[in-house]
S.K.: 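Here you go, one structure.
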Amino acid sequence: MITFQISQPNQPAQTVEADSLSGMDALEQLHVKGLDRVVAVRVNGQAKDLSAAIEAKSEVEPIYVESEEGLEILRHSTSHVMAMAVKELFPGVKVTIGPAIENGFYYDFDYERPFKEDDLPVIEEKMNEFIQADLPFERKEISTQDAVSFFQSQGEDYKVEIIQDLDSDRVSLYTQGGFTDLCRGPHLVSTGKIKAFKLTHVAGAYWRGDENKAMLSRIYGTAFPDKKSLKTYLQRLEEAKKRDHVKLGKQLDIFSTHEEIGAGMIVWHPRGGMLRHLLEEFEIREHLKRGYEIVKGPLILKTALWETSGHFDHYRENMYFTEIDNQSYGIKPMNCLSHMLIYKAGLKSYRDLPKRYFELGLVHRHERSGVLRGLLRVREFTQDDAHILCTPGQLDDEIKGVLDFIKDIMAVFQFEYSLEISTRPEKSIGSDEDWERATHALKTAMDDQHLHYRINEGDGAFYGPKIDVKLKDALDREWQCATVQCDFTLPERFDLYYIDKDGQKHRPVMIHRVILGALERFIGILIEHYAGAFPVWLSPVQAMILTVTDRNIPFGEKVLKTLLDAEIRAEGDFRNEKLGSKVREAQMQKVPYMLIIGDKEAEQGGVTPRLRDGRNLPFMVTDDFVHMVNEECKQRR
RNA sequence: GCCAGCGUAGCUCAGAUGGUAGAGCAACUGAUUUGUAAUCAGUGGGUCGGGGGUUCGAUUCCCUUCGCUGGCUCCA
């Protein structure tokens, strides 16, 4: 008999006499509520199986299935059940890894053929059998050696490889029914605890993400505490798909792509052209306010210059080249080169710095065909790019200035964003000290502003580390938009200098940065963010004038002229159609204001605006409407 | 690039175990003069993504090519 001292966090301990106590026993003894929703237990800070024996002095805490951690356990267990089903249905399949991920789980398999969507229902059915059988998940710890020979005997080469890469003497195995998997756990008590799951899609995935290694077949799925929340999730996914910018881009006549033109190249229709124009105009103003100067460089530059910069050695596979008069030229994938030459064009004094060169620069990058998608990843795009050349002493302030700039702009669009620092990649140039200095400068700037950020090892640009700002699309996938990159190398390679107070030449530091990033990508995210219903200041068409009958056309035209003269983006729908039909079309085009013009409005010399949400504003004279829209634009609403 | 799925009228989608295709909306024409998410009627419209092969015959089967979508280290 052992005397157990068990407690919940911040609660008095309770004494229990028993031979042994599992996590579940402890929770029961402590009268924890909702035990049927508990999937695991945190014992002295560590997540454990409910069946795990606890120590004599333990602080226990239930992990509920609906918590983030609980869902992870549920989904991870479901992935094991899926692996079990797949092994049973497809003899000879080898299992690899199957973690829980955000919103679900996956499991990667190596099989003689890739899995297809058609296989999913069959696998689901088999999984249901195992769930119905309510098989317990049993944990066993064995030596690494034994685990290796066990998985070798099973022909599970990938598991063997995983174990051999672990530097630990013992590993844990989980068995449910006849299926044993290497796993850290914890897991559900039994398969019967899985109440709602769905296999969603299949995909290819390289073993360990390395394209030189085997192509595996991945099955994605998700699981929820109950059928209702699974359904809600799937419905939300469907809703999100309606916001897809490719779909809305077509519906709202914003852009198109063409097989005849080529992959990753965007054609902007009038509405999209206006959207770009509005963003560009906005950006130019914001940059001028902050002391940037507008510059412009050519699209193609001699290959020799790309050799100087290091792009030819480190970025060549992403570049397009052409030949003119027997000379090789590279189409620019970045805008920095001409900015370097602009700097060099005149002698610079420390009094001139910082120089902030801004360019809405068109670049071309050869992205691999498989990664292209809508506006979010393309081969030709315009960056709101700038290069800041400053003294080393000005670096911190300049980085802070850029971070503030980003904050201000994101606030205009009401975007939430996450930050990442990417460090030195394998293929890179520059000295260790410079990389260290640059990384330190970026981190310090973020720390000073108390910004949270993740670290993305080895994902920096070849010339320097960077801060990446990521925005989410409708399906919660993250895309890099703004970025701030520190660069000590290019100023060196181009032999940039300024004359300091001491009369000597000194090397400036360079910051590469974009705020929106690529206009294409940003607009893609914007469309999804607003579900196509842009705020008034960004709407390609701000007001649609709808006449009730042909009698009202002359006045409608007068209103249209007034609005156009006042620089409001207005269009008239004077067709011989019923009002309801015109309203419907304007509504589907998500025009912020529909101006209804019937006999009443014509007589009184004004308009009755209808909003996108279906509400009507009271009748107002045209000038008041103009004033209202101008105010909204000024406030960027 | 690799794996899977997809590509039929301007758009959204049907369809045939191989016998050259349909609907709704849009467009056009006419009627209607209309008050807040679709007025009615009629007409035209497609080398079924491109190329090649099998076949008496292919949009349907096979190969190839182009394009689109999802995914390709959230690590037992």
Side-chain angles (χ1 to χ4, degrees), chain A residues 72 76 79-80 83 95-108 113-120 144 147 151 156 158-163 165-166 168 171-174 181-185 200-220 241 244 246-247 250-251 253 256-265 317 366-374 454 475 477-478 546-553 575-589 594-601 608-612 614-616:
Chain A
E72 213 178 295
H76 193 184
S79 87
H80 277 228
V95 297
T96 68
I97 57 167
I101 53 172
E102 199 182 339
N103 293 325
F105 62 85
Y106 67 78
Y107 212 114
D108 285 349
R113 66 159 174 90
F115 292 116
K116 297 176 296 195
E117 301 272 327
D118 299 343
D119 297 322
L120 300 185
T144 304
F151 284 110
E156 295 289 9
Y158 294 92
K159 291 292 175 191
V160 172
E161 189 181 326
I162 293 166
I163 297 168
D165 283 358
L166 293 171
S168 123
V171 297
S172 54
L173 305 183
Y174 276 83
D181 201 354
L182 173 72
C183 189
R184 186 191 293 143
T200 51
H201 55 290
V202 294
Y206 297 104
W207 170 232
R208 301 207 149 158
D210 182 343
E211 62 189 66
N212 299 314
K213 297 199 165 118
M215 171 58 75
L216 306 172
S217 189
R218 173 173 298 182
I219 302 177
Y220 282 91
K241 280 184 194 155
D244 177 10
V246 177
K247 205 167 176 169
K250 195 181 264 184
Q251 271 168 29
D253 202 16
S256 58
T257 53
H258 301 265
E259 213 177 302
E260 306 89 308
I261 290 177
M265 311 281 186
E317 56 280 18
H366 179 76
E367 300 287 350
R368 296 190 304 171
S369 61
V371 303
L372 301 174
R373 190 197 123 75
R454 297 184 300 236
L475 289 172
R477 292 173 294 204
E478 284 196 326
L546 310 182
T547 46
V548 177
T549 86
D550 285 358
R551 281 196 302 285
N552 310 128
I553 293 178
R575 293 172 308 160
N576 174 13
E577 285 289 345
K578 297 189 81 159
L579 182 61
S581 145
K582 297 187 188 184
V583 166
R584 179 167 188 269
E585 276 186 40
Q587 183 80 42
M588 291 197 305
Q589 287 301 306
M594 289 165 240
L595 303 181
I596 314 292
I597 291 182
D599 292 340
K600 192 182 86 188
E601 286 77 10
T608 304
R610 181 194 204 269
L611 306 178
R612 275 182 293 214
R615 281 184 303 151
N616 263 9

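Reminder, nothing fancy here: chain letters follow the sequence lines and each chain counts from 1.
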S.K.: Between A:D181 and A:Y107, do the side chains contain an N or O donor and an N or O acceptor separated by less than 3.5 Å?
M.R.: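 Present: a donor and an acceptor within the cut-off.
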
S.K.: Among B:U36, B:G35, B:U39, which nucleotide sits nearest the side chain of A:K600?
M.R.: B:G35

S.K.: Give each protein N/O atom lying under 3.5 Å from an N/O atom of nucleotides 70-73 of chain B, with the pair distance.
M.R.:
| from | atom 1 | to | atom 2 | distance (Å) |
| --- | --- | --- | --- | --- |
| B:G70 | OP1 | A:R373 | NE | 3.3 |
| B:G70 | OP1 | A:R373 | NH1 | 2.3 |
| B:G70 | OP1 | A:R477 | NH1 | 3.1 |
| B:G70 | OP1 | A:R477 | NH2 | 3.2 |
| B:G70 | OP2 | A:R373 | NH1 | 3.2 |
| B:G71 | OP2 | A:R477 | NH1 | 3.0 |
| B:G71 | O3' | A:Y220 | OH | 2.8 |
| B:G71 | O2' | A:Y220 | OH | 3.3 |
| B:G71 | O6 | A:G370 | O | 3.2 |
| B:G71 | N2 | A:G204 | O | 3.3 |
| B:G71 | N3 | A:G204 | O | 3.3 |
| B:C72 | O4' | A:G204 | O | 3.3 |
| B:C72 | O2' | A:Y206 | N | 2.9 |

S.K.: Contact class for A:P114 (heavy atom, under 4.0 Å): base, sugar-phosphate, or nothing?
M.R.: sugar-phosphate

S.K.: Side chain of A:L579, heavy atoms from C-beta onward: which of B:A37, B:G7, B:G35 has the nearest atom to it?
M.R.: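 Nearest nucleotide to the side chain: B:G35.
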
S.K.: So which nucleotide from B:G35, B:C66, B:U39 ends up closest to the side chain of A:E577?
M.R.: B:U39

S.K.: Report the residue from A:K582, A:R575, A:E577 that forms a side-chain hydrogen bond (donor to acceptor under 3.5 Å, both in side chains) with A:T547.
M.R.: A:K582

S.K.: Counting only N and O atoms by type, is there a donor-acceptor contact under 3.5 Å from the side chain of A:T144 to the main-chain atoms of A:S168?
M.R.: yes

S.K.: Using a heavy-atom cut-off of under 4.0 Å over every strand shown, decide if A:G264 touches base, sugar-phosphate, or nothing.
M.R.: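 Sugar-phosphate contact only - A:G264 comes under 4.0 Å of backbone atoms but never of a base.
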
S.K.: Is there a donor and acceptor pair, one atom on the side chain of A:E367 and one on the base of B:G1, closer than 3.5 Å?
M.R.: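 There is none.
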
S.K.: Taking atom types as modelled, find out whether A:Y206 and A:R208 have a side-chain donor-acceptor pair closer than 3.5 angstrom.
M.R.: no

S.K.: Could you pull out all residues at least two apart from A:E478 that satisfy salt bridge (charged side-chain N to carboxylate O under 4.0 Å, His left out)?
M.R.: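 A:E478: salt bridge (charged side-chain N to carboxylate O under 4.0 Å, His left out) contacts with A:R454.
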
S.K.: Among B:U36, B:A4, B:A37, which nucleotide sits nearest the side chain of A:R584?
M.R.: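 The listed nucleotide nearest to A:R584's side chain is B:A37.
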
S.K.: Among residues at least two apart in sequence or on other chains, which ones pass salt bridge (charged side-chain N to carboxylate O under 4.0 Å, His left out) with A:E259?
M.R.: none

S.K.: If you check every side-chain atom of A:K578, which of B:C68, B:G35, B:U39 has the closest atom?
M.R.: B:U39

S.K.: Determine whether a donor-acceptor pair (one donor, one acceptor, N or O, separation below 3.5 Å) exists between the side chain of A:R551 and the base of B:U33.
M.R.: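 Per atom types, no contact qualifies.
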
